[in-house]
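To keep things clear, I will list the structure first and then write my remarks on it.
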Amino acid sequence: MQVRTKIRQAKIQAYQSPFLLKTTKTQLQQSVYGAYINMQQALQRLHALEQQYADFENAFHAATVKFEAGIGT
């Protein structure tokens, strides 16, 4: 390759670098934001499942008390 071609390519790369940097930063921000949203949704599902577990545990306890008392359902 000739020196002039290498110089042109270096100039083009230098011109493109800020755009590439901005694009990369934007993609990173979007990835982080997406991960944050996914984490928030998972946390909401976890809280809902914890509540459901507590409700089932209470229902089981109530059924056990009734069974032991001979009341039935």
Side-chain angles (χ1 to χ4, degrees):
M1 222 180 254
Q2 289 186 342
V3 174
R4 288 182 194 178
T5 304
K6 288 184 180 181
I7 291 172
R8 274 193 211 125
Q9 288 177 342
K11 286 181 180 180
I12 291 170
Q13 286 178 345
Y15 176 77
Q16 291 176 337
S17 290
F19 300 110
L20 180 60
L21 177 63
K22 185 171 182 169
T23 300
T24 303
K25 282 183 177 181
T26 301
Q27 290 172 342
L28 178 60
Q29 287 173 338
Q30 288 174 344
S31 293
V32 169
Y33 182 71
Y36 176 78
I37 294 299
N38 290 339
M39 187 266 313
Q40 290 289 5
Q41 290 172 344
L43 186 60
Q44 288 175 354
R45 286 192 304 270
L46 174 64
H47 289 312
L49 289 172
E50 287 173 337
Q51 183 61 50
Q52 185 179 20
Y53 176 80
D55 293 343
F56 286 153
E57 199 171 48
N58 289 336
F60 178 75
H61 177 69
T64 302
V65 169
K66 284 182 180 180
F67 176 76
E68 289 174 352
I71 296 173
T73 55

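The analysis underlying the following values was restricted to heavy atoms, covering all of them including side chains, and did not include hydrogens, waters or symmetry mates.
Taking the side chain to side chain donor-acceptor pair (under 3.5 Å) definition, one finds that His61 meets it with nothing, sequence neighbours left out. Taking the side chain to side chain donor-acceptor pair (under 3.5 Å) definition, one finds that Gln52 meets it with nothing, sequence neighbours left out. Contacts of Gln30 classified as side chain to side chain donor-acceptor pair (under 3.5 Å), with partners at least two apart in sequence or in another chain: none. In this structure Glu57 satisfies the side-chain contact (heavy atoms from CB on, under 4.5 Å) test together with Tyr53, sequence neighbours excluded. The ring-ring contact (aromatic ring centres under 6.0 Å, His included) check on Phe56 picks up nothing, with sequence neighbours excluded.
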Please set out all donor-acceptor pairs under 3.5 angstrom arising from side-chain atoms of residues 32-44, sequence neighbours excluded.
residue	atom	partner	partner atom	Å
Tyr36	OH	Gln40	NE2	2.6
Asn38	ND2	Gly34	O	3.3

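Rounding to the nearest 0.5 Å gives a distance of 8.5 Å between CD of Gln2 and CZ of Arg8.
Screening residues 16-25 for side-chain hydrogen bond (donor to acceptor under 3.5 Å, both in side chains), with sequence neighbours left out, gives no hits. Applying the ring-ring contact (aromatic ring centres under 6.0 Å, His included) definition to pairs two or more places apart or across chains, those involving residues 2-23 are Tyr15-Phe19.
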